[in-house]
Amino acid sequence: ENYHATKCILSVDGFSATAGLSLYYSNEVSVARKMIACSDVLIVAADGTKLGKNTFAKIADVQNVDVLITNRQNEREEIAHIQEMGIRVLEV
């Protein structure tokens with residue numbers, strides 16, 4: 001809370017349009033939440049195996065995400081749903 005970031009780039013274990021952002025390890029959640037709260041822009045990097053997944057510990061709702069960077073195109077339905085929510089998706 002003593003810091004501010006213009007951009008936060010976060011890697012997650014699960015990225016679901018309905019369940020939000022999640023991690024396997026609950027001890028990382030509080031740091032990730034604080035990073036999101038102290039940033040202007042949230043960029044999430046999640047490979048295609050993470051899309052549509054919900055893991056153990058929820059970090060935040062997907063509405064907090066500004067940009068999703070992913071590498072797979074086979075999760076077309078999930079990506080379309082994410083884009084409908086106003087999230088910019090970059091596929092690399």
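Predicted, not measured: the structure shown is a model, and the values here were computed from it.
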Donor-acceptor pair, side chain of [X] and main chain of [Y], under 3.5 angstrom:
| X | Y | value |
| --- | --- | --- |
| Thr70 | Ala46 | yes |
| Asp61 | Gln63 | no |
| Ser16 | Thr18 | yes |

To the nearest 0.5 Å, how far apart are [atom1] in [X] and [atom2] in [Y]?
| X | Y | atom1 | atom2 | result |
| --- | --- | --- | --- | --- |
| Asp47 | Ser11 | CG | OG | 8.0 Å |
| Asn71 | Leu51 | CG | CG | 8.5 Å |
| Leu10 | Leu23 | CG | CG | 7.0 Å |
| His4 | Asp40 | NE2 | CG | 3.5 Å |

List the atom pairs, donor and acceptor, that lie under 3.5 Å between side-chain atoms in residues 81-90 and the rest of the protein, sequence neighbours left out.
none

- Using a 4.5 Å side-chain heavy-atom cut-off and chaining through intermediate ILVMFWY residues, the residues clustered with Phe56 come out as none
Donor-acceptor list for residues 24-34 side chains, cut-off 3.5 Å, not counting sequence neighbours:
from, atom 1, to, atom 2, distance (Å)
Arg33, NE, Ile59, O, 3.0
Arg33, NH2, Lys58, O, 2.7
Lys34, NZ, Glu1, OE1, 3.1

- Can you see which heavy atom on Lys53 is nearest to which on Ser22, and at what distance? O-OG, 4.3 Å
- Answer whether the closest heavy-atom distance between the side chains of Val67 and Lys7 falls below 4.5 Å. no
- Query: Under the side-chain contact (heavy atoms from CB on, under 4.5 Å) criterion, do Ile9 and Ile69 qualify, and how do the steps go?
  - Reply: CA-CA 10 Å; Ile9 302 173; Ile69 300 173; over 6 Å; no
